[in-house]
Amino acid sequence: MAEEARSLNFIEHIIEEDLSKDYSREQLRFRFPPEPNGYLHIGHASSICLNFGLGLRYNAPVNLRFDDTNPAKEEKEYVEAIKKDVTWLGFEWDTECYASDYFQQLYDWAVKLIKEGKAYVDSQSSEEIASQKGTPTDPGKDSPYRNRSVEENLKLFEGMKNGEYPDGAHVLRAKIDMASSNMLMRDPVMYRILHKAHHRTNTDWCIYPMYDWTHGESDYIEQVSHSLCTLEFLPHRELYDWFLDQVVSSDKLRPKQREFARRNLSHTVVSKRKLLQLVEKGIVTGWDDPRMPTISGLRRRGFTPESIRNFADTIGIAKRENVVDVSLLDFHVREHLNKIAPRVMGVLNPLKLVITNYEEGKEEWLEAENNPEDPSAGSREIPFSRELYIEQEDFREEANRKFFRLKLGGEVRLKNGYIIKAESCTKDDEGNIMEVQCTYDPKSKSGSGTEESLRKVKGTLHWVSIPHAITAEVRLYDRLFSDPTPDGHRDKDFLDFVNPDSLEKVTGYLEPSLKDSKIGDQVQFQRMGYFNVDKDSTTEKLVFNRTVTLRDTWAKLEQKS
RNA sequence: UGGCCUAUGGUGUAAUUGGUAACACAGCUGAUUUUGGUUCAGUCGUUCAAGGUUCGAGUCCUUGUAGGCCAACCA
């Protein structure tokens with residue numbers, strides 16, 4: 001229903017047009033083609049949501065294809081991590097494919113090109129080849145090996161395949177046009193020699209196909225109808241089509257490459273090289289550090305698949321450059337977590353509060369609803385006693401009317417408990433407030449229905465009973481970079497913008513119901529934000545991550561004044 | 001001294017394909033609220049520039065401007 005109300009993005013317009021002309025719905029097929037050389041990040045999430053979203057929309061299969069043509073960089077470990085991330089996001093691929101499964105077919109086609117005089121073995125060094133390539137404004141020069149005979153090419157290529165030559169001795173090049181205005185058409189390399197074991201084919205091959213030669217042909221083999229990639233591949237399209245021209249038969253579907261702009265997120269970087277630097281320099285603890293923009297980092301931080309999918313849907317897809325504000329991602333997690341996260345109370349910056357007219361040693365169990373957004377979530381009981389913790393920020397000796405919290409002589413409600421009045425406070429030698437003494441109105445108990453309980457007081461504070469509180473390590477995260485576009489400055493390195501305060505660890509005092517929390521559990525610490533239980537948690541020590549704060553209009557007010 | 005892509009509020013994306021510039025976020029007001037949360041109501045503000053075609057242009061044409069991509073045996 002909602003889907004029909006949504007307007008189409010430009011890719012969907014292309015598909016609709018194809019459908020109205022020469023494509024049938026059954027022919028639609030998509031693919032998500034990561035190279036297994038690193039972890040997926042939020043940018044990949046957009047691409048995943050685009051391709052799998054299209055699959056869902058058109059009821060078309062989507063392949064997960066590993067573009068594994070460079071054994072120097074790729075590992076099985078990444079394959080597994082990628083599969084886990086895609087699955088976690090909530091998508092199901094039709095077929096798990098590997099470009100390496102097509103090595104033989106690709107080789108056979110390459111032989112065909114050689115026979116047709118459309119490919120040749122070049123025996124120069126990569127430097128020599130590069131120097132002949134020309135520049136975007138100057139045409140290139142033909143290689144001295146460009147006109148080798150078919151027989152010689154065939155023999156050399158087979159020798160390459162059979163391991164008769166060392167790395168770099170020869171390459172196979174397509175014979176296209178050294179004067180093309182498109183650099184990629186200047187006799188691109190199709191194969192290089194690489195005596196390196198592959199994570200799937202092991203040492204079966206010592207020549208490996210290049211991206212351009214592999215990608216379109218893989219799409220063709222899998223009969224992918226729309227091969228979607230990012231804008232920097234636009235110049236590759238001409239070559240993609242040229243390679244396809246060499247093998248396509250008229251009774252099969254011919255794939256189309258179309259390009260969209262990659263989504264950039266403010267206050268973050270996504271290039272693998274830069275992410276790796278963050279890990280290697282110890283700025284973060286690993287690829288799944290909750291501050292990382294990797295899928296695994298976001299997962300650990302407490303982001304939900306739904307929130308990431310909604311985010312991707314909202315930002316959409318287009319062809320212009322963009323920097324999406326992270327606050328939009330925050331919005332989507334809050335939106336989802338607001339619906340599903342149970343409310344609990346936890347004090348992160350404690351200030352002792354003593355209720356002087358509350359009987360010493362007495363304890364009461366107060367009923368608290370688990371989620372006002374979801375009545376079916378039920379309620380639980382929380383202990384109340386004479387000595388409590390509240391947040392330091394929730395008490396001031398003096399404050400103006402805008403301060404809806406506790407001040408001397410002022411009243412406030414303790415959430416799910418009683419209305420209290422601050423009477424006095426004690427300070428240490430330096431003037432720091434150490435304790436607040438207050439009185440409570442015994443008839444004002446929440447939910448008791450008495451006249452006193454119905455009284456409106458302006459502020460409501462969360463709290464925790466000191467004798468009942470459990471402690472936990474709470475990790476408070478802030479954005480990793482202080483600049484919206486850390487890698488967008490020519491004169492400065494992105495590392496110059498690392499936010500030194502992106503992680504703060506505090507001890508939290510939590511209501512005892514949290515004692516049996518499991519790794520991954522998500523809760524809202526009322527008035528503080530959404531948190532989840534980190535994988536570092538043990539039975540002895542709970543560790544919480546703050547996923548995101550609550551919207552905080554008070555903090556904004558404070559900042560202004 | 002090249003080729004190609006792009007240009008819509010602070011941000012991202014739309015616009016029945018030439019017919020009232022809309023949606024979300026952010027911002028600001030107010031209401032509700034036992035979370036300064038949520039929810040609700042309202043508000044702010046936009047077609048890169050100049051020409052042209054047309055009854056009518058964000059959309060088509062021309063010129064300009066700005067930004068991006070292209071010279072890995074990476075993907």
Side-chain angles (χ1 to χ4, degrees), chain A residues 5-9 13 33-35 37 67-70 72-74 122 125-126 129-131 133-140 167-168 170-173 180-184 186 188-194 207-208 210-212 214-215 229 231-238 259 261 263 266 272 311 313-325 327-332 334-335 338-339 343 345 368-369 372-373 402-405 412-417 419 446-447 453-454 456-462 484 524-529 549-558:
Chain A
R6 208 183 106 241
S7 55
L8 305 181
N9 63 43
H13 279 296
E35 182 187 11
N37 70 343
D67 225 335
D68 55 348
T69 58
N70 186 0
K73 290 186 180 177
E74 296 150 8
D122 196 331
S125 68
S126 67
I129 291 176
S131 72
K133 204 141 204 177
T135 69
T137 52
D138 297 310
D167 288 5
H170 308 282
V171 291
L172 183 73
R173 290 227 260 169
S180 172
S181 59
N182 184 348
M183 300 288 294
L184 287 156
R186 323 245 262 226
V189 172
M190 294 170 67
Y191 277 93
R192 76 283 211 184
I193 300 171
L194 219 51
I207 56 171
Y208 291 94
M210 302 292 288
Y211 165 83
D212 287 295
T214 308
H215 206 92
C229 60
L231 234 31
E232 63 267 27
F233 288 95
L234 203 150
H236 293 250
R237 186 149 122 195
E238 191 179 1
E259 309 81 13
R263 300 4 301 270
S266 75
K272 273 170 196 163
F311 169 74
D313 284 350
T314 305
I315 62 179
I317 210 76
K319 291 181 81 165
R320 61 170 160 163
E321 285 172 76
N322 58 82
V323 182
V324 183
D325 203 296
S327 67
L328 187 58
L329 186 54
D330 291 344
F331 164 79
H332 284 285
R334 289 193 188 108
E335 184 188 44
N338 176 51
K339 289 185 204 141
R343 271 57 168 175
M345 293 203 280
E369 66 179 337
E373 301 295 313
K402 293 261 178 122
F403 186 76
F404 302 161
R405 306 178 181 190
V412 93
R413 174 173 290 280
L414 294 175
K415 178 84 183 169
N416 303 123
I419 294 173
S446 290
S453 74
L454 267 19
K456 300 279 179 200
V457 288
K458 192 57 191 171
T460 301
L461 306 186
H462 64 277
Q524 182 197 92
F525 289 172
Q526 286 174 110
R527 304 209 305 136
M528 302 306 291
T549 61
L550 258 27
R551 252 184 97 227
D552 193 347
T553 47
W554 165 245
K556 277 177 209 151
L557 265 175
E558 282 273 276

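Atoms considered below: every heavy atom in the structure, side chains included; atoms not considered: hydrogens, waters and symmetry mates. Sequence lines set the chain letters: A, B, ... in the order given, protein chains first and strands last, and positions in each chain run from 1.
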Q: Whole angstroms only, please: what is the CZ-P distance between R237(A) and C5(B)?
A: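 Atom-to-atom, R237(A) to C5(B), this comes out as 9 Å.
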Q: In whole angstrom, what separates M528(A)'s CE from U38(B)'s C1'?
A: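 From M528(A) CE to U38(B) C1': 18 Å.
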Q: Using heavy atoms to find the nearest nucleotide of RNA chain B for D212(A) and N416(A) separately, return the residue whose nucleotide is more 5′.
A: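 Its nucleotide being nearer the 5' end, the pick is N416(A).
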Q: Determine whether a donor-acceptor pair (N or O, by modelled atom type, separation under 3.5 Å) exists between the side chain of R192(A) and the backbone of D167(A).
A: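 Here the side-chain-to-backbone pair does not exist.
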Q: Under a 3.5 Å limit for both distances, which nucleotide forms a Watson-Crick or G-U wobble pair with U65(B), could you say?
A: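 Here U65(B) is engaged in a pair, and the nucleotide opposite it is A7(B).
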Q: Syn or anti: how is U46(B) classified when any glycosidic angle within 90° of 0 counts as syn?
A: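 Here the answer is anti: the torsion falls beyond 90° from 0.
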Q: Please confirm whether the shortest side-chain N or O distance from K556(A) to OP1 or OP2 of G27(B) is below 4.0 Å.
A: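 For G27(B), OP1 or OP2 has a side-chain N or O of K556(A) closer than 4.0 Å.
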Q: Could you give the distance separating G45(B) and U29(B) at their C1' atoms, to the nearest angstrom?
A: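 Nearest-Å result for U29(B) against G45(B) at atom C1': 16 Å.
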Q: Quick one: pull up CD1 in I207(A) and NE2 in H170(A) and give me the separation to the nearest 0.5 Å.
A: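 NE2 of H170(A) is found 11.5 Å from CD1 of I207(A).
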Q: Reckon P372(A) touches a base, only the sugar-phosphate, or nothing at all at heavy-atom distances under 4.0 Å?
A: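 Base, at least one base atom sits under 4.0 Å.
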Q: Please give the distance between the C1' atoms of G58(B) and U20(B) as a whole number of Å.
A: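 Those two atoms are separated by 14 Å.
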Q: Send over the distance from E335(A) CD to A26(B) P, rounded to a whole Å.
A: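 Taking atom P of A26(B) as the reference, CD of E335(A) is at 10 Å.
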Q: Roughly how far apart are M190(A) CE and D122(A) CG, rounded to 0.5 Å?
A: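 Nearest 0.5 Å value for the CE-CG distance: 13.5 Å.
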Q: The test is side chain to side chain donor-acceptor pair (under 3.5 Å); show your working for R413(A) and S446(A) and say whether it passes.
A: CA-CA 9 Å; R413(A) 174 173 290 280; S446(A) 290; 3.0 Å; yes
Q: Polar atoms only, N or O, under 3.5 Å: list the protein pairs with nucleotides 41-48 of chain B and their distances.
A:
none

Q: For the atom pair CZ (R334(A)) and CZ (R551(A)), what is the distance rounded to the nearest 0.5 Å?
A: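 Nearest 0.5 Å value for the CZ-CZ distance: 8.0 Å.
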Q: Checking only heavy atoms, does the side chain of R405(A) share a donor-acceptor pair with the base of G36(B) at less than 3.5 Å?
A: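 Check passes, donor-acceptor contact within cut-off.
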Q: Distance check needed: A26(B) C1' versus H332(A) NE2, whole Å only.
A: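 Whole-Å distance recorded here is 12 Å.
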Q: For R551(A) and U38(B), is the shortest distance between a side-chain N/O and OP1 or OP2 below 4.0 Å?
A: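 Result: yes.
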Q: Should G2(B) form a Watson-Crick or G-U wobble pair with both distances under 3.5 Å, which nucleotide is its partner?
A: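 Pairing partner, where one exists within any strand: C70(B).
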Q: Check whether R186(A) reaches the backbone of T135(A) with its side chain - one donor and one acceptor, N or O, closer than 3.5 Å.
A: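 Flag set: sc R186(A) to bb T135(A) pair under 3.5 Å.
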Q: Taking pairing as Watson-Crick or G-U wobble with both contacts under 3.5 Å, can you name the mate of A31(B), or confirm there isn't one?
A: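 U39(B) is the nucleotide pairing with A31(B).
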Q: Using whole Å, report how far CG of L557(A) lies from C1' of C28(B).
A: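 In whole Å, C28(B) C1' lies 12 Å from L557(A) CG.
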Q: Does U33(B) have OP1 or OP2 sitting under 4.0 Å from an N or O in the side chain of T460(A)?
A: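 False: T460(A) side-chain N/O out of range (4.0 Å or more) of U33(B) OP1/OP2.
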Q: Each nucleotide in nucleotides 66-73 of chain B should get exactly one letter: B, S or -. Can you fill that in based on protein heavy atoms under 4.0 Å?
A: -BSSSB-B
Q: Report yes or no: is there a donor-acceptor pair, N or O only, under 3.5 Å between the side chain of R413(A) and the base of U34(B)?
A: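 When only heavy-atom distances are counted, R413(A) does reach the base of U34(B) through a donor-acceptor pair under 3.5 Å.
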Q: Return the nearest nucleotide to the side chain of D552(A); candidates are A26(B), G36(B), G2(B).
A: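 Given the options A26(B), G36(B), G2(B), the side chain of D552(A) is closest to G36(B).
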Q: Take the protein atom CZ of R334(A) and the nucleotide atom C1' of U38(B), then report the distance between them rounded to whole Å.
A: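 The answer, rounded to whole Å, is 12 Å.
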Q: How long is the straight-line distance from CZ of F403(A) back to CD of E558(A), given to the nearest 0.5 Å?
A: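 Taking CD in E558(A) and CZ in F403(A), the distance rounds to 7.5 Å.
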Q: Would you call the rings of Y211(A) and F233(A) parallel, tilted or perpendicular, taking 30° and 60° as the class edges?
A: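 Rings of Y211(A) and F233(A): tilted, 30 to 60°.
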Q: Starting from P on A24(B), measure out to CG on N9(A) and report it in whole angstrom.
A: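 Computing the N9(A):CG to A24(B):P distance gives 19 Å.
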Q: If we require ring centres under 5.5 Å and near-parallel planes under 30°, does W554(A) stack on G36(B)?
A: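 Given the distance and angle limits, yes, they stack.
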Q: For N322(A) and for F525(A), locate the closest nucleotide of RNA chain B by heavy-atom distance; then report the residue assigned to the nucleotide nearer the 5' terminus.
A: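 Between the two, 5'-proximity favours N322(A).
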Q: What integer distance in Å separates D313(A):CG from C23(B):C1'?
A: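 Between C1' of C23(B) and CG of D313(A): 14 Å.
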Q: Do any side-chain nitrogens or oxygens of H13(A) fall under 4.0 Å of OP1 or OP2 in A15(B)?
A: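 Yes, because at least one side-chain N or O of H13(A) sits under 4.0 Å from OP1 or OP2 of A15(B).
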Q: Mark yes or no for whether R343(A), through its side chain, and Q526(A), through its backbone, hold a donor-acceptor pair below 3.5 Å.
A: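 No; zero donor-acceptor contacts below 3.5 Å.
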Q: Counting Watson-Crick and G-U wobble pairs only, both distances under 3.5 Å, name the nucleotide matched with U53(B), or none.
A: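 Matched U53(B) with nothing under the 3.5 Å cut-off.
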Q: Taking the side chain of L328(A) as heavy atoms from C-beta outward, which of C25(B), G37(B), A14(B) is closest to it?
A: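 Closest nucleotide to the L328(A) side chain: C25(B).
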Q: Can you measure from CE (M210(A)) to CZ (R173(A)) and round to the nearest 0.5 angstrom?
A: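 CZ of R173(A) is found 11.5 Å from CE of M210(A).
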Q: Would you say the side-chain atoms of N182(A) and S180(A) include a donor-acceptor pair closer than 3.5 Å?
A: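 Side-chain D/A pair, N182(A) to S180(A): absent.
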Q: What's the closest nucleotide to the side chain of K319(A) if the choices are A14(B), G36(B), C5(B)?
A: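 When the side chain of K319(A) is considered, C5(B) is the closest of A14(B), G36(B), C5(B).
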Q: Students often get this wrong, so: under 4.0 angstrom with heavy atoms, is I315(A) touching a base, only sugar-phosphate, or nothing?
A: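 Sugar-phosphate contact only - I315(A) comes under 4.0 Å of backbone atoms but never of a base.
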Q: Counting heavy atoms from C-beta on, name the nucleotide in U13(B), A26(B), C4(B) closest to the side chain of F331(A).
A: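 Closest nucleotide to the F331(A) side chain: A26(B).
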Q: U39(B) base to E373(A) side chain: any donor-acceptor pair below 3.5 Å?
A: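 Result: no qualifying N/O pair found.
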Q: I would like to know whether K73(A) and E35(A) meet salt bridge (charged side-chain N to carboxylate O under 4.0 Å, His left out); could you show each step before the answer?
A: CA-CA 9 Å; K73(A) 290 186 180 177; E35(A) 182 187 11; 5.3 Å; no
